[in-house]
Amino acid sequence: MVQEQVAISITPLAAERAKEILERYNKPHAAIRVFIKSGGCSGYQYGMAVDERELEGDTVVEMHGVRLVVDRMSLPLLVGSQVDWVENLMGGGFSVNNPNATSSCGCGHSFRTDGAKAPSGEGSGCCGS
């Protein structure tokens, strides 16, 4: 486990929603794992999960009473990002404001970091299309 300067942050509103989710799962001491995976229409997708584990190499940030955990492979793509909670006509959900993203999909769930096209074979199924 590695504790670094704020590699990723969470807004107070998102932290409140995260605490509600942790309580709902009856895991108030668990963390929110934020990760990146290949896929989506822009090349990478954000993921979040309730996680009670801290793995070797994880970066842990505690803020507003919530622990965020990021694995070492996702960290370079998430450094400086902020997890927020966004309400719209379709409801509410977590959003990642990522300064490393050079472009992102209209749905806000996938992004690129180099301005290049999405990796071969990816790019379909975005935004319900």
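Computed from heavy atoms alone, side chains included, the values below leave out hydrogens, waters and symmetry copies.
- One hydrophobic cluster, built from ILVMFWY side chains closer than 4.5 Å, cannot hold both V70 and F35; they sit in different ones.
- Distance check, rounded to the nearest 0.5 Å: OH of Y46 to CG of L77 gives 8.5 Å.
- In this structure, the separation between CD1 on I8 and CD1 on I32 is 11.0 Å, given to the nearest 0.5 Å.
- At least one donor-acceptor pair closer than 3.5 Å links the side chain of R72 to the backbone N or O of E56.
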Show me the donor-acceptor pairs, under 3.5 Å and distance only, between side chains in residues 81-88 and residues at least two apart or in other chains.
residue, atom, partner, partner atom, Å
S81, OG, L78, O, 2.9
S81, OG, N98, OD1, 3.2
D84, OD1, T11, OG1, 2.9
W85, NE1, E87, OE2, 2.8
N88, OD1, M90, N, 2.8
N88, OD1, G91, N, 3.2

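- Rounded to the nearest 0.5 Å, atoms CG (D58) and CZ (R67) are 10.0 Å apart.
- Linking ILVMFWY side-chain heavy atoms closer than 4.5 Å, directly or via other members, places L68 and L13 in a single hydrophobic cluster.
- Under the 4.5 Å side-chain heavy-atom criterion for ILVMFWY residues, no single connected hydrophobic cluster contains both M73 and M48.
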Throw together a table of side-chain donor-acceptor distances under 3.5 angstrom for residues 14-31, partners on residues two or more places apart or in other chains.
residue, atom, partner, partner atom, Å
E16, OE2, K19, NZ, 3.1
K19, NZ, H64, O, 3.2

